*Asks:* 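Take a look at this one; I'll ask things after.
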2 protein chains.
Amino acid sequence: MSEAGQQSISSQDLADFLGANPPQIRKDFSYFGDFGTPGVGYKVENLAKQIKKILKLDVVHKAALVGVGNLGSVVMAYQGFRIYGFDIAAAFDIDSKKIGKKVNTITIENASNIRTLKKRKIDIGIITVPRGAAQETAEALVKAGTKGILNFSPCYIIVPKKIKVITVDIAMDLARLPYYMPAS
Amino acid sequence: MSEAGQQSISSQDLADFLGANPPQIRKDFSYFGDFGTPGVGYKVENLAKQIKKILKLDVVHKAALVGVGNLGSVVMAYQGFRIYGFDIAAAFDIDSKKIGKKVNTITIENASNIRTLKKRKIDIGIITVPRGAAQETAEALVKAGTKGILNFSPCYIIVPKKIKVITVDIAMDLARLPYYMPAS
DNA sequence: CTATGTGAATTTATTCACAGCA
DNA sequence: TGCTGTGAATAAATTCACATAG
């Protein structure tokens with residue numbers, strides 16, 4: 001909406017857009033402050049800024065990707081991370097045929113270099129390795145000072161409690177559909 | 001656990017595994033029936049079967065993928081859908097250079113063939129086209145009788161209310177991390 | 001003895017209704 | 001007049017404690 005030049009939006013319109021209801025929108029925002037203008041609505045630009053601040057997206061985060069296979073390449077090529085302030089600043093693999101090659105201005109490094117992440121101010125890890133290597137990859141990332149992990153391997157990963165892991169399992173996402181689909 | 005030969009599991013162990021607590025596990029299951037055995041726990045095999053039934057995953061669902069680009073190819077190659085009873089039975093693209101080629105025993109068809117889905121008993125659509133083509137793709141899928149859509153395009157899609165859409169936006173998943181990460 | 005299933009108590013979330021501001 | 005912000009009312013979810021079944 002900001003890009004489209006829209007100045008402000010009401011809780012009603014936001015609710016329609018998100019499939020919620022107006023009081024819910026207003027109540028939720030009110031927990032974090034008074035973002036709106038009575039009689040007008042919420043200023044799009046300001047609202048986006050406030051939400052980014054709440055979600056700690058107001059600073060740039062550097063991320064490292066481990067496992068430059070098919071999925072890893074797709075993730076690296078994806079530009080959508082930018083608007084949330086993410087910068088994939090490093091990529092690792094164990095395949096010597098890949099190490100040294102460039103993907104998108106990033107040179108693929110040997111996975112043993114993961115230990116240099118802390119020095120390089122990289123605090124987010126993206127795991128796109130085969131399932132069997134996910135746990136050891138996570139451990140290497142944690143050892144290197146990673147504070148958050150986005151895991152694309154379809155398995156649970158065990159890390160110290162203070163490390164946040166978000167696992168994206170597209171099969172599970174697909175598996176949510178049938179429940180809502182009327183019997184054929 | 002079933003594959004590992006584990007016979008049964010307690011609500012305590014399930015809670016530890018999922019990051020929940022035992023009464024929550026038991027209460028949730030109890031809404032759907034008495035799956036457990038007092039003094040023993042839940043039989044793994046039976047529990048999986050019951051959950052699949054609740055989530056309507058007890059029948060095979062055929063899915064069609066639209067947009068065989070980088071991401072589409074990764075999704076098609078992914079074997080993880082199988083355990084939830086999904087079968088990617090068709091793939092479509094508009095690029096004549098791709099049409100006719102085979103990916104994984106599936107021959108890529110012209111997107112205009114989407115209209116044949118109903119006849120072919122395919123009721124789930126997977127959208128992996130560029131953002132600009134997502135809405136029209138969704139409309140073609142709905143027109144062809146699709147009941148559920150898994151959308152990988154980073155945009156909201158407007159469809160009739162009876163159609164369930166699940167949008168997977170990996171940037172949004174990544175964006176959830178910083179909130180949980182301690183300030184550096 | 002062990003671990004489930006479940007009413008009751010508690011906590012949390014949502015909805016409502018409306019005072020008040022632009 | 002239009003829409004926010006918010007206490008109060010309602011609804012929902014979670015936790016607890018324990019009777020009960022294997």
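Quick note on labels: first sequence line is chain A, next is B, and so on, each numbered from 1. This one's a predicted model, so the numbers in the text were calculated from it and none came from an experiment.
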*Asks:* With a 4.5 Å cut-off on side-chain heavy atoms, are B:L150 and B:F86 touching?
*Replies:* no
*Asks:* Within the 4.5 Å heavy-atom criterion, are B:P178 and A:Y84 side-chain neighbours or not?
*Replies:* no
*Asks:* Residues in ring pair (Phe, Tyr, Trp, His ring centres under 6.0 Å) with A:F81, at least two apart?
*Replies:* A:Y78
*Asks:* Taking C-beta and beyond as the side chain, do B:T137 and B:F92 meet within less than 4.5 Å on heavy atoms?
*Replies:* no
*Asks:* To the nearest angstrom, how far is B:I25 atom CD1 from C:dT6 atom C1'?
*Replies:* 16 Å
*Asks:* Counting only non-hydrogen atoms, which of residues 42-56 of chain A are less than 4.0 Å from DNA chain D?
*Replies:* A:Y42
*Asks:* When all nucleic acid strands are considered with a 4.0 Å heavy-atom cut-off, which category describes A:F29: base, sugar-phosphate, or nothing?
*Replies:* nothing
*Asks:* Hey, can you pull the donor-acceptor pairs under 3.5 Å for the side chains in residues 151-174 of chain A, sequence neighbours left out?
*Replies:*
{"unit_1": "A:N151", "atom_1": "OD1", "unit_2": "A:S153", "atom_2": "N", "d": "2.9"}
{"unit_1": "A:N151", "atom_1": "ND2", "unit_2": "A:S153", "atom_2": "O", "d": "3.2"}
{"unit_1": "A:N151", "atom_1": "ND2", "unit_2": "A:C155", "atom_2": "O", "d": "3.2"}
{"unit_1": "A:N151", "atom_1": "ND2", "unit_2": "A:T167", "atom_2": "OG1", "d": "3.3"}
{"unit_1": "A:S153", "atom_1": "OG", "unit_2": "A:V129", "atom_2": "O", "d": "2.8"}
{"unit_1": "A:D169", "atom_1": "OD1", "unit_2": "A:A171", "atom_2": "N", "d": "3.0"}
{"unit_1": "A:D169", "atom_1": "OD1", "unit_2": "A:M172", "atom_2": "N", "d": "3.4"}

*Asks:* Below 4.0 angstrom, which residues in residues 7-15 of chain A have at least one non-hydrogen atom near DNA chain C?
*Replies:* none
*Asks:* What string of B, S and - do you get for nucleotides 10-17 of chain C, 5' to 3', if B is base contact, S is sugar-phosphate-only contact and - is no contact with any protein heavy atom under 4.0 Å?
*Replies:* ----BBBB
*Asks:* Out of C:dG20, D:dG22, C:dT6, which has the shortest distance to the side chain of B:T37?
*Replies:* D:dG22
*Asks:* Is there side-chain contact between B:P22 and B:R26, with at least one heavy-atom pair below 4.5 Å?
*Replies:* yes
*Asks:* Please report the interatomic distance CG(B:D87) to CZ(B:R82), rounded to the nearest 0.5 Å.
*Replies:* 7.5 Å
*Asks:* What pairs of donor and acceptor atoms, side-chain ones from residues 94-104 of chain B against any protein atom, are under 3.5 angstrom apart with sequence neighbours left out?
*Replies:*
{"unit_1": "B:D95", "atom_1": "OD1", "unit_2": "B:K97", "atom_2": "N", "d": "2.9"}
{"unit_1": "B:K98", "atom_1": "NZ", "unit_2": "B:V68", "atom_2": "O", "d": "3.3"}
{"unit_1": "B:N104", "atom_1": "ND2", "unit_2": "B:M76", "atom_2": "O", "d": "3.3"}

*Asks:* Quick check for you: to the nearest 0.5 Å, what is the distance between A:Y42 atom OH and A:I51 atom CD1?
*Replies:* 10.0 Å
*Asks:* Grab the CG-P distance between A:D34 and D:dC3 for me, whole Å please.
*Replies:* 18 Å
*Asks:* Is it the case that atom CD in A:Q6 sees more than 12 heavy atoms from other parts of the structure closer than 6.0 Å?
*Replies:* yes
